[in-house]
Amino acid sequence: MRTGTIDVDGLGIFYREAGKLGNPKLVFLHGFPASSHQYRHLIPALAGKFHVIGMDYSGFGNSECRIRRSIITPSIRPPKWWRSS
């Protein structure tokens, strides 16, 4: 399993992934409050058939969060590349 951080709208979003890039995609999105850590055993188990990705929403797990008015609040809006034009 590979892990990393990608810049999305100026925030470092943490992800875990496994499997071949050409395989069908399977994306795990966690609930509240949680993180991609809950999928740490499932991601490699499904990597033989899928390119599996688990991400942490901003403010959760290992992702960065936005700070507004000195209060840490998660920003879970979809990134620009996910929203339709």
(message) When you group the ILVMFWY residues by side-chain heavy-atom contacts below 4.5 Å and let the links chain together, are Y39 and F50 in the same group?
(response) yes
(request) State the NE2-CG distance between H41 and L46, to the nearest 0.5 angstrom. (result) 13.0 Å
(request) Take N62 and R16, measure what side chain to side chain contact (heavy atoms under 4.5 Å, CB included) needs, and give me the verdict at the end. (result) CA-CA 11 Å; N62 295 315; R16 303 165 194 271; 4.2 Å; yes
(request) Specify the closest pair of heavy atoms between A18 and M1, including all atoms of both residues, with the distance to one decimal. (result) CB-CA, 4.2 Å
(message) A quick test of your reading: do over 12 heavy atoms of other residues, nucleotides or ligands sit less than 6.0 Å from NZ of K49?
(response) no
(message) What's the separation between atom SG in C65 and atom CG in D56, rounded to the nearest 0.5 Å?
(response) 12.0 Å
(request) Rounded to the nearest 0.5 Å, what's the gap from CZ on F14 to NE2 on H37? Could you check? (result) 10.5 Å
(message) Assess the residue pair H30 and M55 against the criterion (side chain to side chain contact (heavy atoms under 4.5 Å, CB included)); give the C-alpha distance rounded to whole Å, side-chain angles, the decisive distance to 0.1 Å, and a yes or no.
(response) CA-CA 8 Å; H30 62 79; M55 57 167 270; over 6 Å; no
(message) Can you confirm whether V27 sits close enough to Y15 that some side-chain heavy atom of one is under 4.5 Å from a side-chain heavy atom of the other?
(response) no
(message) Can you confirm whether F28 sits close enough to L42 that some side-chain heavy atom of one is under 4.5 Å from a side-chain heavy atom of the other?
(response) yes
(request) Start with the C-alpha gap between F60 and F32, add the side-chain angles, then the distance that decides, and say whether side chain to side chain contact (heavy atoms under 4.5 Å, CB included) holds. (result) CA-CA 9 Å; F60 294 88; F32 178 84; 3.3 Å; yes
(message) Nearest 0.5 Å, please: how far is CG in L11 from CD in E64?
(response) 6.0 Å
(request) Check A47 against N23 and note the closest heavy-atom contact, atom names and distance. (result) O-ND2, 4.0 Å
(message) Is there a side-chain contact between H51 and E17 in this structure, where contact means two heavy atoms from C-beta onward sitting under 4.5 Å apart?
(response) yes
(request) Check the pair S63, Y57 against side chain to side chain contact (heavy atoms under 4.5 Å, CB included), reporting the backbone distance first and the verdict last. (result) CA-CA 7 Å; S63 289; Y57 289 119; over 6 Å; no
